[in-house]
A.B. asks: 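The structure follows.
All residue numbers in this chain count up from 1 along the given sequence. For ligands, and for the atoms within them, numbers begin at 1 and follow the listed sequence.
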Amino acid sequence: MNFLFVNACMRGEDSRTLRLCRNYIEKFKKAKAGESWSFAEVDLDAADIEPLNRERLAHRDALARSRKWDDEEFALARQIIAADHILIGAPYWDLSFPSKLKVYLERCSVTGLTFIYSPEGIPHGQCRAQSLSYVTTAGSAIRDFNFGYEYVRGLCALFGIEKTFFASAEELDIIGKDVPAIMAAAEDKITAIIDSL
Ligand SMILES: Cc1cc2nc3c(=O)[nH]c(=O)nc-3n(C[C@H](O)[C@H](O)[C@H](O)COP(=O)(O)O)c2cc1C
């Protein structure tokens, strides 16, 4: 079984989102100790990926037309399709997430590979994972502007991933807030997610 950690925590070791993700992975490993899981991480800060432009899109379309799905271009899409559980860790940036995560998701979202349209035009997601968790931290309260998670939730519906979970630590940059208590509450939420998997 494959666990895929998509790490969009751009501040490296200083990232509080990364701290929550490590807590998630540790708890997941403990909960699934009796099962055989392999763990892979996509470090988006280090990833050499560019947004699609005219040239790159034409290249990708040509590969897709000739169904060269084993090309390096589709490596990230193949990896997400083969994952059994996915964790996305991304700080709350500009009401969503760091743009490198969008570039990654653009890479993964391939018609004919990640999802296939039926003759009636209905997309059928090809991802093996039944669940994906999205972990974030935010400087203020996210309220109903949870665009990063909501976008990922929409993509999951397209990719065939049935369940999504969300854990956050919010208001971390507001002076006077009890940051350790907020982080501890997020860790409790993570425990509840792991228990429900
Ligand atoms: C580029 C950038 C954009 C941000 N945008 C928002 C925002 O829109 N709303 C918010 O509440 N906090 C925002 N923040 C604050 C972060 O969400 C907050 O500090 C978060 O905990 C950072 O996560 P990290 O510790 O994992 O890097 C932003 C921070 C950065 C660096």
A.B. asks: Among all the protein's non-hydrogen atoms, which is closest to atom 20 (C) of ligand 1, and how far away is it?
C.D. replies: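 Nearest protein contact, heavy atoms only, for atom 20 (C) of ligand 1 is Thr137 OG1, 3.3 Å.
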A.B. asks: Closer than 4.0 angstrom, basic N to acidic O: yes or no for Arg153 and Glu150?
C.D. replies: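 The answer is yes: the pair qualifies as a salt bridge.
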A.B. asks: Could you tell me the residue and atom name of the protein heavy atom closest to atom 25 (O) of ligand 1, and the distance to it rounded to 0.1 Å?
C.D. replies: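 Residue, atom and distance for the closest contact: Arg11 NH2, 2.7 Å.
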A.B. asks: How close does the nearest protein non-hydrogen atom get to atom 7 (C) of ligand 1, and which residue and atom is it?
C.D. replies: Asp94 N, 3.7 Å
A.B. asks: Between Ser168 and Thr136, does any side-chain donor sit less than 3.5 Å from a side-chain acceptor?
C.D. replies: no
A.B. asks: At under 4.0 Å between heavy atoms, is it the side chain or the backbone of Cys9 that contacts ligand 1, or both, or neither?
C.D. replies: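 None of Cys9 does.
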A.B. asks: Give me the ring orientation class for Trp37 and Phe39: parallel if the planes are under 30° apart, tilted from 30 to 60°, perpendicular past 60°.
C.D. replies: tilted
A.B. asks: How far is atom 1 (C) of ligand 1 from its nearest protein heavy atom, and which residue and atom name does that atom have?
C.D. replies: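 The answer is Trp93 CD2, 3.6 Å.
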A.B. asks: Please collect all ring-ring contact (aromatic ring centres under 6.0 Å, His included) contacts where either partner lies in residues 152-191, sequence neighbours excluded, each pair once.
C.D. replies: Tyr149-Phe166
A.B. asks: For atom 12 (N) of ligand 1, what's the nearest protein heavy-atom neighbour? Residue, atom name and distance, please.
C.D. replies: Gly139 N, 3.3 Å
A.B. asks: What is the closest protein heavy atom to atom 15 (C) of ligand 1, and at what distance does it sit?
C.D. replies: Asp173 OD2, 3.4 Å
A.B. asks: Decide, yes or no, whether a salt bridge links Arg22 with Glu13 under the criterion of side-chain N to carboxylate O below 4.0 Å.
C.D. replies: yes
A.B. asks: Closest non-hydrogen protein atom to atom 6 (C) of ligand 1, residue and atom name please, with distance?
C.D. replies: Tyr92 O, 3.3 Å
A.B. asks: Sequence neighbours left out, what passes side-chain hydrogen bond (donor to acceptor under 3.5 Å, both in side chains) with Asn146? Give chain and number order.
C.D. replies: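 Asn146 satisfies side-chain hydrogen bond (donor to acceptor under 3.5 Å, both in side chains) with no other residue.
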